[in-house]
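Taking it in order: structure first as structure tokens, then the write-up.
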Amino acid sequence: FLTGRRKATEVAHAVWRSIVRKGDTVVDATCGNGNDTLALLKMVADEKGQGRVYGMDIQDSAIESTSTFLKMAVDDDHQGELVKLFPICHSRMEEIVPKDAPVRLVAFNLGYLPGGDKTLITVPKTTELALKAASRILSSGGLISVLVYIGHPGGRDELNVVESFASSLPINSWVSCKLQMVNRPIAPVLILLNKK
Ligand code: SAM
């Protein structure tokens with residue numbers, strides 16, 4: 001999945017596909033314009049209508065943008081109903097994901113909304129709280145995927161927080177990995193946290 005000029009999001013999606021199955025429950029912690037939400041919907045939607053994508057974004061406009069994008073991209077109304085969108089901070093994900101739903105993946109695509117207000121970005125404090133929440137709701141065998149952009153102000157501080165959280169996870173129950181382009185110093189960094 002590293003061949004050619006693949007975007008970091010495509011690399012992340014390839015990793016998600018190796019973990020996520022039809023019928024799974026997954027979380028998009030940063031919906032933005034809905035590209036990741038749609039990719040996740042395609043991975044989980046099954047014929048019995050059992051897959052679920054719980055999506056959130058702090059900006060109402062991002063939730064509207066995701067909702068509009070999904071309506072355009074998904075022909076099947078039943079599939080669209082598998083996505084539940086919430087205009088809230090991702091640190092509150094435990095309030096919206098049902099307690100009895102085993103969560104296979106929590107995806108974070110940090111930074112600002114492309115085409116939106118660049119000052120409304122994810123910040124280390126709530127990102128850390130959200131990672132802790134994600135680690136609590138994730139089922140065994142599941143994955144937390146964090147794509148961190150380091151080219152904008154504050155991006156490296158956020159990477160430090162994510163790496164610090166990743167390295168604090170106990171080795172008997174977690175595998176923490178970092179995927180970074182060594183010949184492109186400001187390329188996004190993908191942190192993958194697999195719960196054993
Ligand atoms: N996944 C998106 C897509 O496929 O289009 C791109 C996400 S964009 C890089 C980051 C998003 O995180 C922005 O839409 C921003 O509003 C959102 N965000 C910032 N702080 C947040 C928070 N505390 N909780 C949830 N979302 C947040």
Side-chain angles (χ1 to χ4, degrees), residues 6-17 19-20 26-45 52-74 79-80 82-97 103-138 143-162 165 179 186-192:
R6 278 203 157 184
K7 290 198 295 186
T9 47
E10 292 170 342
V11 174
H13 292 183
V15 175
W16 301 352
R17 270 193 290 276
I19 299 269
V20 175
V26 296
V27 173
D28 184 350
T30 50
C31 287
N33 291 321
N35 300 292
D36 293 326
T37 319
L38 177 64
L40 288 169
L41 174 61
K42 286 182 179 165
M43 289 178 215
V44 302
R52 288 286 180 281
V53 184
Y54 291 91
M56 64 213 74
D57 199 292
I58 197 88
Q59 296 188 63
D60 290 346
S61 59
I63 292 298
E64 280 159 27
S65 172
T66 295
S67 177
T68 306
F69 178 62
L70 291 175
K71 279 191 190 108
M72 279 177 359
V74 180
Q79 268 198 17
L82 305 181
V83 179
K84 312 289 177 196
L85 297 174
F86 300 85
I88 62 166
C89 175
H90 40 215
S91 60
R92 296 173 54 200
M93 66 178 73
E94 286 160 297
E95 294 173 28
I96 57 168
V97 180
V103 175
R104 183 83 73 181
L105 176 86
V106 182
F108 293 83
N109 188 337
L110 301 177
Y112 53 81
L113 180 65
D117 184 343
K118 291 188 180 174
T119 62
L120 292 170
I121 64 173
T122 54
V123 291
K125 191 174 175 201
T126 41
T127 298
E128 187 183 16
L129 289 172
L131 286 169
K132 286 180 179 166
S135 70
R136 288 190 290 266
I137 65 170
L138 197 71
L143 182 77
I144 301 174
S145 166
V146 194
L147 192 56
V148 193
Y149 296 84
I150 53 178
H152 62 81
R156 284 193 189 274
D157 295 336
E158 199 160 35
L159 178 62
N160 287 341
V161 162
V162 177
F165 175 76
L179 195 57
I186 59 161
V189 178
L190 182 60
I191 306 279
L192 299 166

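Keep in mind that what you see is a predicted model, and the values were worked out from it rather than measured. Order of listing sets the numbers, starting from 1, for every ligand and every atom in it.
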For [atom], what's the nearest protein heavy-atom neighbour? Residue, atom name and distance, please.
atom: atom 10 (C) of ligand 1; result: N109 O, 3.2 Å
atom: atom 8 (S) of ligand 1; result: Y112 O, 3.3 Å
atom: atom 27 (C) of ligand 1; result: I58 CG2, 3.6 Å
atom: atom 24 (N) of ligand 1; result: H90 N, 2.9 Å
atom: atom 4 (O) of ligand 1; result: D36 N, 3.0 Å
atom: atom 19 (C) of ligand 1; result: T122 CG2, 3.4 Å

I need the contact type for [X] against ligand 1. Using non-hydrogen atoms and a strict under-4.0 Å cut-off, is it side chain, backbone, both or neither?
X: A130; result: neither
X: I88; result: backbone
X: Y149; result: neither

Mark the output for [X] as yes if a heavy-atom distance to ligand 1 is under 4.0 Å, and as no if none is.
X: L38; value: no
X: A29; value: yes
X: L147; value: no

- Is it the case that S65 and N33 place a side-chain donor and acceptor less than 3.5 Å from each other? yes

- Could you tell me whether the side chain of K118 reaches within less than 4.5 Å of the side chain of H152, counting heavy atoms only? no

Near [X], which atoms of ligand 1 are under 4.0 Å from a heavy atom of that residue?
X: C31; answer: 1 (N), 2 (C), 3 (C), 4 (O), 5 (O)
X: N33; answer: 3 (C), 5 (O)
X: Q59; answer: 15 (C), 16 (O)
X: C89; answer: 23 (N), 24 (N)
X: G34; answer: 3 (C), 5 (O)

Verify, without hydrogens or angle tests, whether [X] (side chain) and [Y] (backbone) share a donor-acceptor contact under 3.5 angstrom.
X: S145; Y: L192; value: no
X: T30; Y: L110; value: no
X: T66; Y: A62; value: yes

Within a reach of under 6.0 Å around [atom1] of [X], are more than 12 heavy atoms found that belong to other residues, nucleotides or ligands?
X: L120; atom1: CG; value: yes
X: Y112; atom1: OH; value: no
X: K84; atom1: NZ; value: yes

- Task: Could you walk me through whether D36 and W16 pass the side chain to side chain contact (heavy atoms under 4.5 Å, CB included) test, one step at a time?
- Result: CA-CA 10 Å; D36 293 326; W16 301 352; 3.8 Å; yes

- Query: Given N35, T66, D57, I63, which one has a non-hydrogen atom that is nearest to atom 11 (C) of ligand 1?
  - Reply: D57

- Message: If I compare all heavy atoms of A29 with all of V106, which pair ends up nearest, and what's the gap?
- Response: CB-CG1, 4.4 Å

- Task: Search all heavy atoms of E94 against all heavy atoms of A133 and return the closest pair with its distance.
- Result: OE1-CB, 3.5 Å

